[in-house]
Q: 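Below you will find the structure I want to go over with you.
No experiment lies behind these values; they were computed from the predicted model shown.
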Amino acid sequence: NEYRWLNINAVPQFRNGETIPYQVYTTFDDITERKLADEIFRIRLKLFELSPSYSLEELMQKALDEIGVIANSPVGFYHFVEEDQKTLSLQAWSTRTLKEFCKAEGVGLHYPIDKAGVWTDCVIERKPVIHNDYPSLPHRKGLPPGHAEVIRELVVPILRNGKVVSILGVGNKPSEYTEKDVRFVSYIADVIWEIVERKRTDEKLQQLSRAVEQSPASIVITDTEGNIEYVNPRFCQLTGYTLA
């Protein structure tokens, strides 16, 4: 079963002098795809608005929570895939996963893909995978102590420059996952990676800025005409110069 959004218009028909309609003309318009597009836009905007004040881990968890609501999935997780394409690192669980389903540890730990479960099929196949009957999968592996029980799952890979850079998974939807779920989860997973790249760039710039500020070397930056645009504290200490 799958929920659909409908726009319903009902027009009552009256006979002369009667206050109760003798019939009603009703039309139905399926607006499910439109509502999904609206939700995707809302989530994307919200994540980018929160990005400056949230840590990367907080943003990923917030995104997983939002996805869980729309995809009706209480389990959600996000992993980075390392450059070697053989190693995973767990970055985030959804809030519901942590509170209701999973006590397994491992955030930030690295482990090989070939030792992970069938949810890493998406890395090997390089496309989204759906397991709507997880317990019956012949190649599934055991779950670690405290791990959430898996009934069904959808896992999508995020690719950049021909390599899988991360994977996002949701699980235990009451009904089967469909292509609509794939489109939605894939899009939001891609948005999360945009944010990951932006946050990483910002963090590197902040580290570089701190390094320049705290450097024991004297550093001065000028424009092409030789006008000073920046000096670090060490330069001021040595020269007595102040930047107006």
Side-chain angles (χ1 to χ4, degrees), residues 39-69 76-99 104-113 123 156-169 185-244:
E39 285 299 315
I40 287 173
F41 179 79
R42 179 188 65 80
I43 294 172
R44 187 178 193 278
L45 181 62
K46 186 173 186 177
L47 292 175
F48 276 102
E49 287 178 343
L50 294 174
S51 181
S53 58
Y54 274 45
S55 69
L56 184 54
E57 291 73 19
E58 290 171 332
L59 279 169
M60 287 189 288
Q61 186 171 68
K62 184 64 177 177
L64 290 171
D65 291 345
E66 294 282 354
I67 291 171
V69 172
F77 57 87
Y78 193 93
H79 289 72
F80 288 158
V81 180
E82 302 301 324
E83 183 70 19
D84 62 8
Q85 299 291 280
K86 297 179 180 179
T87 310
L88 293 168
S89 61
L90 173 62
Q91 297 302 312
W93 293 105
S94 70
T95 301
R96 284 194 65 186
T97 306
L98 290 172
K99 288 184 176 180
E105 299 180 353
V107 173
L109 296 180
H110 293 66
Y111 51 98
I113 289 176
V123 178
V156 302
I158 298 88
L159 285 86
R160 290 291 187 277
N161 300 319
K163 289 188 175 183
V164 179
V165 292
S166 61
I167 59 177
L168 190 155
V185 174
S186 295
Y187 184 88
I188 300 301
D190 206 66
V191 170
I192 295 175
W193 185 253
E194 285 184 52
I195 295 174
V196 167
E197 290 186 309
R198 178 177 297 186
K199 293 288 282 187
R200 283 177 166 177
T201 299
D202 289 345
E203 288 174 359
K204 287 179 180 178
L205 289 174
Q206 290 173 8
Q207 291 173 357
L208 178 60
S209 177
R210 286 194 298 269
V212 170
E213 286 286 309
Q214 299 169 8
S215 174
S218 175
I219 299 175
V220 57
I221 299 175
T222 67
D223 62 19
T224 55
E225 296 179 354
N227 299 310
I228 294 177
E229 295 184 337
Y230 169 83
V231 294
N232 73 339
R234 183 58 175 165
F235 179 88
C236 295
Q237 291 173 3
L238 293 176
T239 65
Y241 178 86
T242 57
L243 186 64

Q: Please check: side-chain N/O of T97 versus main-chain N/O of G76, any donor-acceptor pairing under 3.5 Å?
A: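 Here the side-chain-to-backbone pair exists.
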Q: Mark yes or no for whether D65, through its side chain, and G68, through its backbone, hold a donor-acceptor pair below 3.5 Å.
A: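 Flag not set: sc D65 to bb G68 has no pair under 3.5 Å.
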Q: Under a 4.5 Å cut-off applied to non-hydrogen side-chain atoms, are L208 and K204 in contact?
A: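 No. Closest side-chain heavy atoms not under 4.5 Å.
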Q: Can you confirm whether R198 is buried at CZ, in the sense that more than 12 heavy atoms of other residues, nucleotides or ligands lie under 6.0 Å from that atom?
A: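 No - once you tally the heavy atoms of other residues, nucleotides and ligands closer than 6.0 Å, there are 12 at most.
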Q: Measure from the side-chain N and O atoms of N232 to the backbone N and O of E213, and report whether any donor-acceptor pair falls under 3.5 Å.
A: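 No.
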Q: Rounded to the nearest 0.5 Å, what separation is found between the CZ atom of R210 and the CG atom of L205?
A: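 R210 atom CZ to L205 atom CG measures 11.0 Å (nearest 0.5 Å).
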Q: So, does K46 use its side chain to make a donor-acceptor pair with the main chain of A63 at under 3.5 Å?
A: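 Not a single qualifying donor-acceptor pair exists.
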Q: Is it the case that over 12 heavy atoms from other parts of the model lie below 6.0 angstrom from the CD atom of E83?
A: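 Not buried by this count: 12 neighbours or fewer within 6.0 Å.
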Q: Before giving the answer on salt bridge (charged side-chain N to carboxylate O under 4.0 Å, His left out), spell out for D190 and R44 the whole-Å C-alpha distance, their side-chain angles and the decisive distance to 0.1 Å.
A: CA-CA 10 Å; D190 206 66; R44 187 178 193 278; over 6 Å; no
Q: Taking the side chain as every heavy atom from C-beta outward, state whether V191 and I43 have any atom pair closer than 4.5 Å.
A: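 Side-chain contact under 4.5 Å: no.
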Q: C236 and Y241: which non-hydrogen atoms are nearest, and at how many Å?
A: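 Shortest heavy-atom separation between C236 and Y241 comes out as SG-O, 3.0 Å.
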Q: May I ask you to check if R42 and F48 form a cation-pi contact, with NZ or CZ under 6.0 angstrom from the six-membered ring centre and within 45° of the axis?
A: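 No.
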Q: Measuring from atom CD1 of I67 to atom CD1 of I40, what distance do you get when rounded to the nearest 0.5 angstrom?
A: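 Here the interatomic distance stands at 10.0 Å.
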Q: Which heavy-atom pair separates I158 from L168 by the least distance, and what is that distance?
A: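 So the two residues come closest at CD1-N, 4.2 Å.
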Q: Could you tell me whether the side chain of L47 reaches within less than 4.5 Å of the side chain of K62, counting heavy atoms only?
A: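 Contact flag for K62/L47 side chains = yes.
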Q: Are there over 12 heavy-atom neighbours, none belonging to F80, within less than 6.0 Å of that residue's CZ?
A: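 Enclosed.
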Q: Closer than 3.5 angstrom, by distance alone: can the side chain of R234 be matched with the main-chain N or O of S215 as a donor-acceptor pair?
A: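 Checking the backbone N and O of S215 against the side chain of R234, no donor-acceptor pair under 3.5 Å is found.
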Q: Over all heavy atoms of both residues, which pair between E57 and Q91 is shortest? Give the atoms and the distance, please.
A: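 In this case the closest contact between E57 and Q91 is CG-O, 4.4 Å.
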Q: Which heavy atom in S53 sits nearest to a heavy atom in E58, and how many Å separate them?
A: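 Between these two residues, the closest heavy atoms are O-OE1, 4.4 Å.
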Q: Quick one: does S94's side chain get under 4.5 Å of Q61's, heavy atoms only?
A: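 Of all side-chain heavy-atom pairs linking Q61 with S94, none is under 4.5 Å.
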Q: To the nearest 0.5 Å, how far apart are CD1 in I113 and CG in L88?
A: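 Here the rounded value is 4.5 Å.
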Q: Kindly say whether S51 contributes a backbone atom to a donor-acceptor pair with the side chain of K199 at under 3.5 angstrom?
A: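 Confirmed, K199 side chain pairs with S51 backbone.
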Q: Quick one: do E66 and E39 satisfy side chain to side chain contact (heavy atoms under 4.5 Å, CB included)? Show the steps, please.
A: CA-CA 9 Å; E66 294 282 354; E39 285 299 315; 5.5 Å; no
Q: Return the OH to OG distance between Y230 and S209, rounded to the nearest 0.5 Å.
A: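 Between Y230 OH and S209 OG, I get 6.5 Å after rounding to 0.5 Å.
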Q: Looking at W93 and L64, what are the two nearest heavy atoms and their distance?
A: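 The answer is C-CD1, 3.7 Å.
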Q: Test H79 against S166 for side chain to side chain contact (heavy atoms under 4.5 Å, CB included), laying out the working first.
A: CA-CA 6 Å; H79 289 72; S166 61; over 6 Å; no
Q: Considering only heavy atoms from C-beta outward, does the side chain of L159 approach that of V165 to under 4.5 Å?
A: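 No; the side chains remain at least 4.5 Å from each other.
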Q: Whether the side chain of Q214 engages the backbone of A211 through a donor-acceptor N/O pair (distance < 3.5 Å, no angle test) should be reported.
A: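 No: the side chain of Q214 does not pair with the backbone of A211.
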Q: Mind listing the closest non-hydrogen atom pair of V164 and V123 along with its distance?
A: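 Nearest heavy atoms, V164 then V123: CG2-O, 4.2 Å.
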Q: Nearest 0.5 Å please: distance from the CD1 atom of I192 over to the OH atom of Y187.
A: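 Going from the CD1 atom of I192 to the OH atom of Y187 covers 12.0 Å.
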Q: Compare all side-chain heavy atoms of T87 with those of P112 and state whether any distance is below 4.5 angstrom.
A: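 Not touching, per the 4.5 Å side-chain cut-off.
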Q: Looking at residues at least two apart in the chain, or sitting in another chain, which of them share a side-chain contact (heavy atoms from CB on, under 4.5 Å) with V220?
A: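 With sequence neighbours excluded, V220 shows a side-chain contact (heavy atoms from CB on, under 4.5 Å) to T222, I228, V231, F235, given in chain and number order.
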